[in-house]
Student: 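My questions all concern the structure below.
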Amino acid sequence: MAAASGTGFQGLGIRDWLIQQSRQLGIKEPTPVQEHCIPAILRGQDCMGCAKTGSGKTAAFVLPILQKLSEDPYGIFCLVLSPTRELASQIAEQFQVLGKPIGLKDCMIVGRMDMVKQALELSRKPHVVIATPGRLADHLKSSNTFNLKKIKFLVLDEADRLLEQGCTDFTKDLEVILGAIPAKRQTLLFSATLTDTLQELKKIAMNRPFFWESKSEVRTVDELEQRYLLIPERMKEAYLVHLIQKTQDEHEDWSIMIFTNTCKMCQVLNMMLRKFRFPCVALHSMMQQKQRFAALAKFKSSVFKILVATDVAARGLDIPTVQMVINHNTPGLPKIYIHRVGRTARAGRHGISITLVTQYDIHLLHAIEEEIKSKLKDYPADEKEVLRILTHVNVTRRECEIELESTDFDEKKEINKKKQMILEGKDPDLEEKRKSELAKIKKEKRKFKERIQETLEKQKEAQLKHKLLKRRRKEKEAAKGE
Ligand SMILES: Nc1ncnc2c1ncn2[C@@H]1O[C@H](COP(=O)(O)OP(=O)(O)OP(=O)(O)O)[C@@H](O)[C@H]1O
């Protein structure tokens, strides 16, 4: 990985015990984001760091926080927020390893895990709390056995995701959390894609933050080979099977992450690839949390070399063995593309990404290229081979869909949706009614528009006929006159 030129971590003010500890993780020379952000954080400034995927942003905040903690240890000293439970777990691991010499006590507060156990851990005043916003807000609302009134550091990892109103909207939970922490604190915000939400983020970091952004024009790393494959929609899965087979034949030791856009598609692809005897596991938000952690652990340890995931795995996950990312769907937002492909080619390693693009997605590909300031190259696939397996793959995929439909997968999805609404303080039945009324109004509007269109067209037709008749009449009269 490109190390910064300078006098190493010592020159940045990091103490020897932390330098020793970092070495054990292969962190020897600071990367540019570390070189610039660590001194600012040690000086006591708020900090916003925007650097490419896999460039060491986590250590850029973990190291100075641990150093400050070692000078004045108490609990709860630091709160880190992450958009996903898997990422929270990874950050907790970095804190544990680097903070071992000072006997760091950390605590992870994430959804779908035992709430009572978590409340007990919080009451024991850990030094660092790493949390997803929803679950932490629940604890703050329901418990008085802990408080966050003395925290010195607030970290928002993947800060732009925490602020945007995507399918999981964190803004209400953030309000609760920001209301429970002191105004006098250091706020640290990191992501590979901060710039869209810069103004909102600046409001959270109140004290004119130190802002550092990597200079390079291209927004993905040089070590990443970015390819695309233009294919017909109905051949997507056949191409996917072909790509995986080819990669496994040529590079036995590679791990592959496949991203797709829905939980259902993720489940179907996983089932289908397993029928072709590929060693794969799935990761999506409709799985139980224990299953999610277990799937990720199996993939990380290379027991399974293929992970089929939704965007729940797109940000932050650091798995060095991932050499290839396949986008089963072209991401609708360039930002999501940047994070997905950033799961490979990390920390200076090489990697390849292949994005499947259908006839309907070409504009998305152009938007991605414009945003990352780089052109993707065509991937040469063996079309004959794909045609040979096409029917078999499509039949297998259909079988998996039927198999999944016979389970309660869709029902579970509905139940999860309702649960989410209740948590957001909405009444699911009322919402349902509102939705169907809205759909009715839309339908009526559409019919009305269609009727108007029809009338206009009829009028136009009549006018044309009238003109035509007039012209013919004139022509006849002219002929008679002659
Ligand atoms: N100074 C360093 N030298 C070598 N390796 C490092 C250094 N700092 C961090 N790393 C390693 O680089 C990898 C990527 O780091 P990290 O996960 O912090 O990236 P990131 O910038 O947060 O990426 P993302 O935007 O995808 O979340 C990790 O395995 C980490 O241990």
Side-chain angles (χ1 to χ4, degrees), residues 1-12 14 18-39 41 47-66 80-84 86-99 130 155-162 188-195 212-214 216 219-221 223-224 255 257 259 296 300 309 311-323 325 335-351 353 372:
M1 168 154 32
S5 56
T7 49
F9 282 109
Q10 211 158 26
L12 305 181
I14 294 291
L18 257 176
I19 296 178
Q20 298 296 335
Q21 204 62 12
S22 303
R23 279 182 178 275
Q24 292 189 17
L25 291 183
I27 301 177
K28 293 174 187 155
E29 289 301 319
T31 61
V33 65
Q34 294 162 357
E35 187 196 23
H36 290 88
C37 295
I38 289 176
I41 300 171
C47 177
M48 298 171 79
C50 182
K52 291 180 187 181
T53 51
S55 61
K57 294 185 286 294
T58 319
F61 64 80
V62 172
L63 289 173
I65 289 174
L66 285 175
V80 183
L81 296 177
S82 141
T84 67
E86 287 74 14
L87 183 54
S89 160
Q90 188 180 292
I91 299 167
E93 247 170 54
Q94 280 239 8
F95 268 108
Q96 284 156 16
V97 177
L98 292 170
I130 302 110
V155 183
L156 265 60
D157 196 22
E158 305 297 342
D160 54 328
R161 173 65 193 94
L162 289 169
L188 316 180
L189 311 165
F190 284 90
S191 176
T193 49
L194 275 186
T195 30
W212 191 79
E213 186 177 16
S214 49
S216 132
R219 301 192 60 195
T220 43
V221 295
E223 293 81 2
L224 176 68
S255 287
M257 274 176 99
F259 284 102
L296 193 60
K300 272 186 166 176
D311 285 319
V312 78
R315 281 180 180 252
L317 294 186
D318 180 54
I319 305 163
T321 48
V322 176
Q323 303 267 9
V325 167
K335 198 194 241 202
I336 294 182
Y337 173 87
I338 293 175
H339 287 281
R340 280 185 181 184
V341 298
R343 293 319 97 212
T344 185
R346 298 175 69 73
R349 291 180 204 91
H350 283 269
S353 68
I372 62 169

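No experiment lies behind these values; they were computed from the predicted model shown. Atoms within each ligand, like the ligands themselves, are counted from 1 in listed order.
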Student: Heavy-atom distance to atom 27 (O) of ligand 1: which of Gly316, Ser55, Ser22 wins?
Tutor: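 Of the listed residues, Gly316 has the closest heavy atom.
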
Student: Between Gln90 and Gly316 (side chain of the first, backbone of the second, donor and acceptor by atom type, cut-off under 3.5 Å), is there such a pair?
Tutor: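 A pair under 3.5 Å: yes.
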
Student: What do we get for Arg315 next to ligand 1 when only non-hydrogen atoms under 4.0 Å count, side chain, backbone, both or neither?
Tutor: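 Under 4.0 Å from ligand 1, Arg315 contributes no heavy atoms.
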
Student: With atom 18 (O) of ligand 1 as the reference point, say which of Ile91, Thr58, Ile27, Asp157 has the nearest heavy atom.
Tutor: Thr58

Student: Would you say Gln90 has any N or O atom under 3.5 Å from an N or O of ligand 1, going by distance alone?
Tutor: no

Student: Near Glu158, which atoms of ligand 1 are under 4.0 Å from a heavy atom of that residue?
Tutor: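 Reading through ligand 1 atom by atom, the close ones are 27 (O).
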
Student: Please examine the side chains of Arg161 and His339, heavy atoms only from C-beta on, and report whether any two atoms are closer than 4.5 Å.
Tutor: no

Student: Who gets closest to atom 13 (C) of ligand 1 by heavy atom: Leu317, Leu63, Asp318?
Tutor: Asp318

Student: Are any non-hydrogen side-chain atoms of Phe95 and Val80 less than 4.5 angstrom apart?
Tutor: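 In contact.
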
Student: Is a side-chain N or O of Arg23 found less than 3.5 angstrom from the main chain of Ile19, in a donor-acceptor match?
Tutor: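 No; zero donor-acceptor contacts below 3.5 Å.
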
Student: Which of the numbered atoms in ligand 1 are under 4.0 angstrom from any heavy atom belonging to Ala347?
Tutor: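 In order of number, 12 (O), 13 (C).
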
Student: Below 30° counts as parallel, above 60° as perpendicular, anything between as tilted: where do the rings of His36 and Trp212 land?
Tutor: parallel

Student: Looking at ligand 1, does Lys52 have a heavy atom less than 4.0 Å from it?
Tutor: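 It does; at least one heavy atom falls under 4.0 Å.
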
Student: Is a side-chain N or O of Gln94 found less than 3.5 angstrom from the main chain of Ile91, in a donor-acceptor match?
Tutor: no

Student: Mind checking whether Thr58 and Glu93 have side chains closer than 4.5 Å, heavy atoms only?
Tutor: no

Student: Does any N or O of ligand 1 fall below 3.5 Å from an N or O anywhere on Pro30, backbone included?
Tutor: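 So ligand 1 has no N or O lying under 3.5 Å from an N or O of Pro30.
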
Student: Is it true that Asp318 and Lys57 make a salt bridge, defined as a side-chain N closer than 4.0 Å to a carboxylate O?
Tutor: no

Student: Thr31 heavy atoms, cut-off 4.0 Å: which ligand 1 atoms fall inside?
Tutor: 1 (N), 2 (C)

Student: Tell me whether Arg343 reaches ligand 1 (any heavy atom closer than 4.0 angstrom to a ligand atom).
Tutor: yes

Student: Show me which atoms of ligand 1 lie under 4.0 Å from any heavy atom of Gly26.
Tutor: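 Going through ligand 1 atom by atom, the ones under 4.0 Å from Gly26 are 3 (N), 4 (C), 5 (N).
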
Student: I need the contact type for Arg346 against ligand 1. Using non-hydrogen atoms and a strict under-4.0 Å cut-off, is it side chain, backbone, both or neither?
Tutor: side chain

Student: Is the shortest N/O to N/O distance between Gly54 and ligand 1 below 3.5 Å?
Tutor: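 Indeed, backbone or side chain, Gly54 has an N or O that close.
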
Student: Arg346 side chain to Thr53 main-chain N or O, any donor-acceptor pair under 3.5 Å?
Tutor: no

Student: Which ligand 1 atoms are under 4.0 Å away from a heavy-atom of Glu29?
Tutor: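 The list of qualifying atoms is 1 (N), 2 (C), 3 (N).
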
Student: Take a 6.0 Å sphere around CD of Gln96 and say whether it holds more than 12 heavy atoms from other residues, nucleotides or ligands.
Tutor: yes

